[in-house]
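Only a predicted model underlies this, so the values are computations on that prediction, with no experimental measurement involved. Order of appearance sets the numbers: ligands from 1, and atoms from 1 within every ligand. In this chain, numbering begins with 1 at the start of the sequence shown.
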Amino acid sequence: MRTETPPLIRLEDYRPSAFLIDRVDLDIRLDPHATRITAELALRPNPAGDPEAPLHLDGDDLTLVALDLDGAGVAPEAMSVGPAGLTLHRPPRRPFVLRIVTQVDPTANTKLMGLYRTDGVYCTQCEADGFRRITYFLDRPDVMAVYTTRIEANRAEAPVLLGNGNPVESGSVGEDRHYAVWHDPHPKPAYLFAIVGGRLGKVETAFRTMDGRDVTCAVYVEPGREDRAGYALDAVIRSMEWDERAFGRAYDLDVFNVVAVSAFNMGAMENKGLNIFNDKYVLAVPETATDADYANIEAIIAHEYFHNWSGNRVTCRDWFQLCLKEGLTVFRDQEFSSDMRSRPVHRIGEVRSLRARQFPEDAGPLRHPVRPNAYAEINNFYTATVYDKGAEIVRMLRTLIGGDAFRAGMDRYFADNDGRAATVEDFLAAFATVTGRDLSAFARWYERPGTPRLAASGTYDAAARTYTLRLAQHLPEEGPPLVIPVALGLVGASGPLTGATCKAVKDGVFVLDTREADLVFEAVAEAPVPSLLRDFSAPVRLDLALTDEERLRLLARDSDPFNRWQAAQDVAMRLILDPDPARAEAFAEALGTFLDGEALSDPAFAALVLALPTEGEAADQLAADVDPDAIHTARHALRAHLGRALRPRLDRIDAALAPADGAAYSPDAASAGRRSLRNAALDLIAAGDPQTGAALATRRLDEAGNMTDRLAALAALATLAQIPGPAREAALDGFGARYAHEPLVLDKWFAIQATIPEPETLARIERLKGHPAFSMTNPNRVRALVGSFSMANPTQFARADGAGFALVADTVKALDSANPQVAARLLTAFGSWRRLEKNRRVAAAEMLNRIKAVPGLSRDVADILSRTLKDG
Ligand SMILES: [Zn+2]
């Protein structure tokens with residue numbers, strides 16, 4: 001049922017299910033409008049459950065065709081069927097079998113939850129609660145069953161039929177239909193169920209696990225696109241090898257299948273043995289995919305594969321424990337990508353993403369603990385906090401106990417919980433057991449919302465050669481202190497002061513578990529600059545008053561790459577929030593020295609140093625009265641200054657990193673790094689000298705041999721040089737025409753146009769909504785055009801006249817009944833509205849209240865709306 005004030009579900013109300021389901025036999029007859037599902041459920045009372053309870057099976061949008069219990073009908077008065085499910089008032093108190101026949105319309109399913117059809121392919125999405133849209137079920141993760149699934153379809157319409165587990169049987173049914181039977185021996189919750197049926201091409205390869213199992217790995221895509229699936233398949237194999245090496249985890253079925261579909265609410269889904277992907281995270285050839293696309297494909301393939309252990313073999317007891325599988329699996333995929341690429345460069349990317357998405361969430365009305373204690377709509381809790389801050393907690397745990405103990409604790413966690421639905425407490429217990437440590441204070445990270453502040457100040461005593469560092473933690477809410485690992489060191493005029501010692505620092509880490517602490521370093525030969533939170537050792541905001549000179553010393557001399565990058569960011573941030581020509585001059589000089597020294601030896605790192613903090617990050621520094629126009633103007637002025645001051649060096653980088661004639665594209669990290677630095681140089685050249693930049697970008701657009709360079713050139717032309725007019729429009733039109741039949745490339749084209757920081761962009765977006773390739777029913781298209789606008793065009797989204805807010809609000813309203821999940825996600829763009837300056841704040845509130853007045857809002861949108869509007 002959908003109501004305007006959704007009721008809250010609370011962690012403290014968790015009760016074991018009154019019944020368990022041991023075995024599920026499904027027979028699914030696929031049909032575009034009338035798919036029939038026969039489910040045979042072997043139920044029994046749960047010894048740990050309420051012995052008096054009725055049997056309530058969840059259901060949503062189902063047509064009940066038939067129901068019998070142990071082969072006999074059920075009297076109408078013994079049951080009730082409503083919009084939220086089916087209840088047997090007096091179920092047997094012994095094992096019994098329910099046979100339920102339901103019917104659904106996959107073509108009409110625009111919510112993309114449950115069984116739906118996209119571009120003629122049948123597929124499913126059951127996390128978090130989609131299985132109840134296929135049949136009536138105990139749709140909760142702590143009910144785990146062994147599934148056998150028979151899928152039947154028209155052979156011409158769906159020659160490929162895939163399910164969870166291993167294929168056991170297939171054959172013909174009459175003239176034009178056929179079937180396949182899949183059996184999954186591993187008990188699983190319903191959210192991991194999946195089937196696929198359709199006309200699909202595939203690439204496949206063999207893998208032998210470390211325990212000798214032969215696995216056939218395949219990636220299925222739209223026929224004719226098989227040449228775009230090779231990179232994803234390669235990433236599957238590398239993920240399998242890595243999980244064996246890094247965590248001792250081997251795959252456990254005879255087949256591992258990945259299927260790419262075009263309409264998908266999320267990135268991808270880890271269904272047991274049958275991962276279903278948004279095609280954006282599978283398809284790649286150099287002509288259509290950027291370096292970032294390749295890196296994302298690698299990371300998301302790995303993420304979903306790693307869930308086979310962290311999520312599937314060990315699942316979550318309830319949805320409050322979502323971080324148990326997501327935070328842990330994000331940590332695992334981050335480690336994989338770091339091993340595949342440059343570790344420092346990857347770490348900087350992780351932290352940028354955390355700060356761009358999770359810090360604002362943690363500072364706004366949608367803030368919640370990594371393990372929430374209440375929710376109205378679980379689909380709204382697939383958040384940066386659960387995923388990315390959840391991963392940071394696992395990373396801190398490893399820092400605290402060390403790599404070897406961490407690995408031993410993970411082994412223990414898998415061994416103790418295999419085949420179970422576990423909790424955060426079970427996870428921490430494994431590490432407490434192997435280390436003998438009390439982790440109860442550390443566990444507070446899971447319960448406390450908001451980003452802590454770490455305040456630091458130091459004094460140097462030249463006579464005593466000591467340096468005293470005072471650290472204090474300030475938490476957004478009352479409560480006992482957190483356990484914060486602070487990786488640190490001291491840096492002198494010519495490099496790290498390795499001779500300085502402090503008893504409280506072990507292996508370069510001080511653990512702050514009190515409100516404040518004084519650290520005394522001895523044998524400090526000169527006045528040092530402290531380098532704190534090395535490698536971003538904790539997800540906190542650091543308050544440390546350093547001068548630009550001190551920060552630039554860290555950029556030049558620190559041994560920690562993360563803090564070198566951070567130092568440049570800090571100087572740039574201050575220059576954006578408090579512009580000063582003399583300091584900008586000194587910054588440009590320091591960057592010049594840096595580029596001369598090492599731009600060409602580590603181009604990926606140099607590109608990150610040159611990339612200024614985003615406008616969103618700058619806004620996130622301000623507690624109130626954010627004026628996006630002022631931030632945009634200041635940031636652009638700093639870029640223009642750097643572009644002019646560094647021009648000779650940028651020209652040299654441009655020339656030195658030009659690809660050799662006829663050189664083939666390779667997506668590897670080193671090649672991608674060279675492209676990223678050359679494109680960062682183009683970006684600054686264009687900012688400093690728009691005419692030259694536009695000419696350079698136009699030439700690059702013609703000459704580019706891959707999508708990374710072509711897109712960077714188009715972005716420079718469209719959004720960076722800010723030269724409106726026929727040349728820009730011709731470039732945009734040419735790109736749009738060239739890729740008219742490439743939806744994923746058009747998404748990039750939509751996104752570039754949606755982020756042009758000028759007032760005409762609103763009319764442009766309205767025009768693009770009428771483009772033949774745009775569709776409100778495909779989440780990728782909506783996110784590319786409207787999502788990019790709301791998340792990455794702050795001056796136009798937060799226009800003082802409210803027109804940008806209205807554009808997004810209208811889209812939310814238009815989308816809500818068709819796809820509430822995507823509508824609710826779009827609405828989160830308003831999360832920081834209270835920190836805007838007054839006119840914009842008033843306009844945002846008016847727009848939010850206008851959405852609120854719409855009758856019949858989905859639970860998803862009503863939930864985000866009520867939390868966003870809540871006071872304080
Ligand atoms: Zn995941």
*Which of these passes side-chain contact (heavy atoms from CB on, under 4.5 Å) with Asp129: Asp58, Asp60, Ile378?*
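Of the listed residues Asp58, Asp60, Ile378, the side-chain contact (heavy atoms from CB on, under 4.5 Å) partner of Asp129 is Ile378.
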_Nearest to the Zn ion (ligand 1) - the N/O/S atom of His303, by atom name_ =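 That would be atom NE2.
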*Which of the N/O/S atoms in Glu326 sits closest to the Zn ion (ligand 1)?*
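Restricting Glu326 to its N, O and S atoms, the minimum distance to the Zn ion (ligand 1) goes to OE1.
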*Phe131 vs Phe193 aromatic rings, parallel, tilted or perpendicular, using cut-offs 30° and 60°?*
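Geometry flag for Phe193 against Phe131: perpendicular rings.
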*From Glu304, does some N, O or S atom reach closer than 2.8 Å to the Zn ion (ligand 1)?*
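No - counting backbone and side chain alike, Glu304 has no N, O or S atom under 2.8 Å.
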*Lys/Arg N to Asp/Glu carboxylate O, Asp426 vs Arg317, below 4.0 Å*: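 No.
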*Can Arg132 and Asp139 be counted as an ion pair, charged N to O under 4.0 angstrom?*
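Counted as a salt bridge, because a side-chain N and a carboxylate O are separated by less than 4.0 Å.
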